[in-house]
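In what follows, chains carry the letters A, B, and so on, assigned in the order in which the sequence lines appear, proteins first and then strands, with residues in each chain numbered from 1.
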Amino acid sequence: MSAQAAEAAGFRRGLAAFLHRRPWVRLSLLLSAPLLWLGVAYLGALAALFVTAFWTTDTFTGELVRTFTWANFRDLLTGEVYRTITLRSVGVALAVTVIDLAIAFPVAFAMAKVASPRSRRWLVIAVLTPLWASYLVKAYAWRVMLSSGGLLGWGFGLTATVLTLAYLWLPYMILPIYAGLERLPDSLLEAAGDLGARAGRVFRTVVWPLAFPAVIAGSIFTFSLSLGDYIAVKIVGGKSQLIGNVVYDNIGAANNLPFAAAVATVPVVIMLVYLAAVRRTGALENL
Amino acid sequence: MFSVMPQSETAVRLRGLRKEFGTVTAVDGVDLDVQDGEFFAMLGPSGSGKTTVLRMIAGFETPTAGSVELGGRDVTRLAPFERDVNTVFQDYALFPHMSVLDNVEYGLRVKKVRRAERRERALDALRSVRLEGMEGRRPGQLSGGQRQRVALARALVNRPRVLLLDEPLGALDLKLREEMQVELKALQREVGITFLFVTHDQEEALTMSDRVAVFGHGRIEQVGTPAEIYERPASAFVAGFVGTSNLVSGEAARAVLGRDGTFSIRPEKLRVVLDASDAGPAPDVGSDEHAAAGTVAEVVYAGPATRFVVDLDAGGRLIALQQNLQVSSMDVTGLRGARVRLVWQRRHEFAITS
């Protein structure tokens, strides 16, 4: 071994020993990059959004007016149209979540508890495959199916939007429930049957309560993704508008970034309320 | 009481039971009768089919062929909830989101037992496994031994015809296991329910059960009392699995025993006699005894006893277990390489048929 190589090896060993003795340095080295990303890029952008929501734009010049005002939120709360759109968006997000849950639970249960290991692998692939295709392609595929003369031909509107969103976000509901059910030991289901419970009661008293945190995790995905969506509704929604559209139109056509920011806080607040409600059930502790 | 005592009835009857998983035959034709009130062990190495048999009795697996009868009723095709048996699972399978009391009451709630009676029976069951005062806890807050007792109480509170136990003590440490062996036996005597338990631990099977079925390769090799199984193993497999097996066969059997075949002798039946001379029988060998000369290959001091591994001059190797009555480790470990004579009574040799 050359003297240089020996020196390099010695340095590396010294560094390793130094890090071994100082867990704090080790931890900060590991976390500095992700924390920088989370702090600056992620939370910073979110903070900028909130700050912007309290500004206005000059109606003549289109310039940002950086003075604090509640005006955007006042408009938002008093405007009948915004209330309708918010309720409609929440309704769509709820419908998507319920539909996805109804489809995802049996699929996830079959994957976790019924299927052989071999078919389980295929089912996982089948669930993941749609995620590899572009969002736009999938939305347009539904447009083709729903258009008059298409496979379904049901036309466009809110129902079409709910169907398309439910399709788009289904994997995000299946995967957490699948993971949750897979962690559930088979012996618990057998024990319930052994104690005299039929399938319905086993589901009600054992499977559902223990899978509930996973259901919540999935519902957070489907609910929040639906609440923020504006593309699917543009493609299959006909004339319907959701919160996302209001944000998008205010950034683009209306050139009113502050008002868009104010509107964008609505889904954030709704999600916070949802999470607080879920927290009370204790489901987040088992996440 | 003037009622006629019922004849000892069959609690579990298995006939021609088979189970195949794909191309693997897990259970290959099992016939078995377990009497009412028996403490019965199914003993065997992993993969011998004993757990699959238990699961078919509980109803978790459907047999490929054959039948399962419980108390004279054919239950082969019935679901678990239609069978009058309850199971104590290897991992206990307690419901983690319910309190101890709710766990124990589960079966009674399913059967729509009135609330007051339910509570009383559950508390009774918890008392019988010495867990009073724990009813409000969650399973996660209990130790392994306590969880095991909850699992027992949860099964027993339903007063099943047969209690099935799948490696019930497997997850406990040695001290606790020995305590629970005694307790389980006492509990079974107290409740009078048939206990049918699966274990791979021969000591557990021998100490706790009234009768033992030894499983190997999906079949029952032998059924009998612990003493029968241990003293008169029916096959080389049983001799090898239950206790330490000393097999003498071929050339050595002819030379030492003067007979053809394979014979088994338990290590504790052998007497180790230090011997300097190689010729002729030692003076202390009686007419009802056999002796074999050999060299000590290994000495293992194990506290209460010492194990001698002896290479016989006639071929083959025997293990002799000697109580450490007078000797200590200092005396015995120096014996490696010594010339010895193994002496045993002829009635302790058993011909092995297969």
* Gap between atom CG of A/L188 and atom NE2 of B/H97 - 0.5 Å precision -> 8.5 Å

For the residue pair [X] and [Y], what are the closest heavy atoms and their distance?
X      : Y      : result
A/E190 : B/F60  : O-CE2, 3.5 Å
A/R201 : B/R109 : NH2-O, 4.0 Å
B/D91  : A/P185 : OD2-CB, 4.3 Å

[X] atom [atom1], over 12 foreign heavy atoms within 6.0 Å:
X      : atom1 : value
A/Y172 : OH    : no
B/F81  : CZ    : yes
A/R83  : CZ    : yes
B/R77  : CZ    : yes
B/E132 : CD    : yes

* Between chain A and each of B/A93, B/A155, B/P96, B/P80, count heavy-atom pairs under 4.5 Å; write down the option with the most. => B/A93

Proximal component of [X], with respect to chain A [non-hydrogen, under 4.5 Å]:
X      : result
B/R83  : neither
B/F95  : both
B/L108 : neither
B/N86  : both

* **A/L195: which of B/V110, B/N158, B/V157 passes side chain to side chain contact (heavy atoms under 4.5 Å, CB included)** => B/N158

* Heavy-atom check, side chain of A/T205 versus side chain of B/Y106, under 4.5 Å -> yes

